[in-house]
Protein chains: 2
Amino acid sequence: MECDNMLARKLQRFSELAREDIDYLDDVIGPPAVLTPRRDIIREGEAPEDVFVLISGLACRYKLLRNGRRQLVALLVPGDLCNLHMMVLDRMDHSVGALSQCLAVRIPKRIIQEMLQRPAIGRALWWAALTDEAILREWLLSVGQRSASERLAHLFYEMYLRLQAVGLTDDNSYRLPVTQIELGDAMGLSSVHINRTLQKLRGQGLLAFDGGKVVILDPKSLMTYAGFRDDYLFLRGGHGRSSGAVRKRSRVPPG
Amino acid sequence: MECDNMLARKLQRFSELAREDIDYLDDVIGPPAVLTPRRDIIREGEAPEDVFVLISGLACRYKLLRNGRRQLVALLVPGDLCNLHMMVLDRMDHSVGALSQCLAVRIPKRIIQEMLQRPAIGRALWWAALTDEAILREWLLSVGQRSASERLAHLFYEMYLRLQAVGLTDDNSYRLPVTQIELGDAMGLSSVHINRTLQKLRGQGLLAFDGGKVVILDPKSLMTYAGFRDDYLFLRGGHGRSSGAVRKRSRVPPG
DNA sequence: CGTCATTTTGAAGAGCGTCAACTGTAGTGG
DNA sequence: CCACTACAGTTGACGCTCTTCAAAATGACG
């Protein structure tokens, strides 16, 4: 993983950048910091002076309830911006934590403001924020409407595509260094039920998860089983077919 | 509701705009269109040429599953932008539908691009997008971790504050023209359970919901009961106290 | 070898979903 | 004015999914 242009690489997934924009990004990026697994990078309520960009490892956004329950609201992969929020908002509404050992570079807020002035980079940053939001919507759909096994299947397929996009998959498998407890926190399920659901998915020959390694045993069946449509990830070239979705409970007439 | 500057009014919740920026917004906005209740404004997969801004009424974002299940992923109130997404993304990842009769103005994509060039307006649009995202995270927390009654209590309190911010509350009550089925679709619950939960909340003297009207019977108790903290709404002046949150299931050590 | 976190298994039960029937209300058309 | 329809709300009965509690098994590490 070449540290310096992980951000450029991500932003170029939206559109090609000019040589000078790429050079600018290379200049702007400082040396990466090492982040210990299971430590917070940024806490809810804080207002860090720098924006962090994840270079390697796996991190998450999460929110806590006073009773100790936790919801992961995003998984962050290399190239993702941890707190673009700070460029406009005055504090974080959630925390960001490292799940595995991570490398991250810091970019001063001032530089981010400069980046926004450059049209191509500015648009790419909008793209990054809006696709994050689209992923969030898909997670809400999962937690609200899908069964435990569909939810897990969907998550593992999403991470398969996202990690593939940054070159971190190996054939049909990839590393996802999370515990079953963390999977539970992400999916709104107990770790006990995660455990049983994983066994079921494994039994059905769809996927295997063990020791932080995911193996997609049957990509096509998994996609069908999860009801996965990649539209929401806005990947290069991945333009979804028009949704022939049917309604049953919905009351919105086909206006 | 003065149609024309509903957008200016919203963007000024972030920061004061210069006279010329306000004038610009007034110029840019065309006549409002009337939208029939329960009809889609924008469908998933489409790429409308204009961005819609809601002027009056209540709308929602939603996603469908092939089995007909539906998840509302946002409620939109006057001033909200329906599809800012289109300014960067090439299609919608979700649908937007009117819940009540609505008025909305259309702004051509080209104009939105112009708006982004104006620093003050551009920053305000970032603020709008990022607060939408923060609300989405709070919803995911609700659906993932809160009980049915906490979820409903939290939603009604959120809408209380959001509608208050646009002057649509009347003392401790406001209109929320949604059915119990739609509430169920929003909270990931069945309408039957919504019904029973509403009776429970009413019985506890927290709130009443009938015929599309919400009455907050005991604001303070409701807020406590829902575990509501207004930090995530980024309202003018509403800076949350530092969260004294405690963890129980979380494994992230106090960094 | 012992400690610790995580995974795994079992058993019991709560919360919520589904199904189905009934009520209330508004709209439609004879 | 009265069927007739349509849909939201309401209630009861039943059961499934998932949670909780508890304990044992596994594995990593000093």
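Sequence lines set the chain letters: A, B, ... in the order given, protein chains first and strands last, and positions in each chain run from 1.
Nucleotide dG17(C) holds its P atom 17 Å from the CZ atom of R146(A), rounded to whole Å. The CD1-P distance, from I194(B) to dT10(D), rounds to 12 Å in whole Å. For the pair L198(A) CG and dT7(C) P, the computed distance is 9 Å after rounding to whole Å. Spacing between atom CZ of F209(B) and atom C1' of dG9(D) amounts to 11 Å, rounded to whole angstrom units. For the pair L183(B) CG and dA8(D) C1', the computed distance is 12 Å after rounding to whole Å. L152(B) places its CG atom 16 Å from the P atom of dG15(C), with the value rounded to the nearest Å. Between R202(B) atom CZ and dT11(D) atom P there is a gap of 14 Å when expressed in whole angstrom units. Taking atom NE2 on H193(A) and atom P on dG10(C), their separation rounds to 15 Å, with Å as the unit.
Residue Q180(A) has no polar side-chain atom (N or O) positioned under 4.0 Å from OP1 or OP2 of dA5(C). Listed pair Q199(B) / dG9(D) fails the phosphate criterion, with no side-chain N or O lying under 4.0 Å from OP1 or OP2. Look at N195(B) and you'll find a side-chain N or O under 4.0 angstrom from OP1 or OP2 of dT10(D). For dG17(C), the OP1/OP2 oxygens have no side-chain nitrogen or oxygen of R69(B) closer than 4.0 Å. Between dC7(D) and R38(B), no contact under 4.0 Å exists linking OP1 or OP2 to a side-chain N or O.
Between the side chains of Q164(A) and Y174(A), not a single donor N or O lies within less than 3.5 Å of an accepting N or O. Residues Y160(B) and N172(B) bring a donor and an acceptor atom of their side chains to less than 3.5 Å of each other.
Electrostatic pairing of R229(A) and E138(A) does not count as a salt bridge here, judged by no charged N lying under 4.0 Å from a carboxylate O.
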Go through it in stages, so that I can follow the logic: the residues are R69(B) and L141(A), the test is side-chain contact (heavy atoms from CB on, under 4.5 Å), and I'd like the CA-CA distance, side-chain angles, deciding distance and then a yes or no. CA-CA 9 Å; R69(B) 299 183 74 103; L141(A) 175 62; over 6 Å; no
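Listed nucleotides: dT20(D), dC18(D), dC16(C). Nearest to the side chain of R151(B): dC16(C).
Taken to the nearest 0.5 Å, the CD atom of E46(A) stands 10.0 Å off from the CG atom of N83(A).
Counting distance only, with no hydrogens placed and no angle test, the side-chain atoms of R196(B) and the base atoms of dG12(D) include a donor-acceptor pair under 3.5 Å.
G188(B) comes within 4.0 angstrom of sugar-phosphate atoms only, judged by non-hydrogen atoms across all strands, and of no base.
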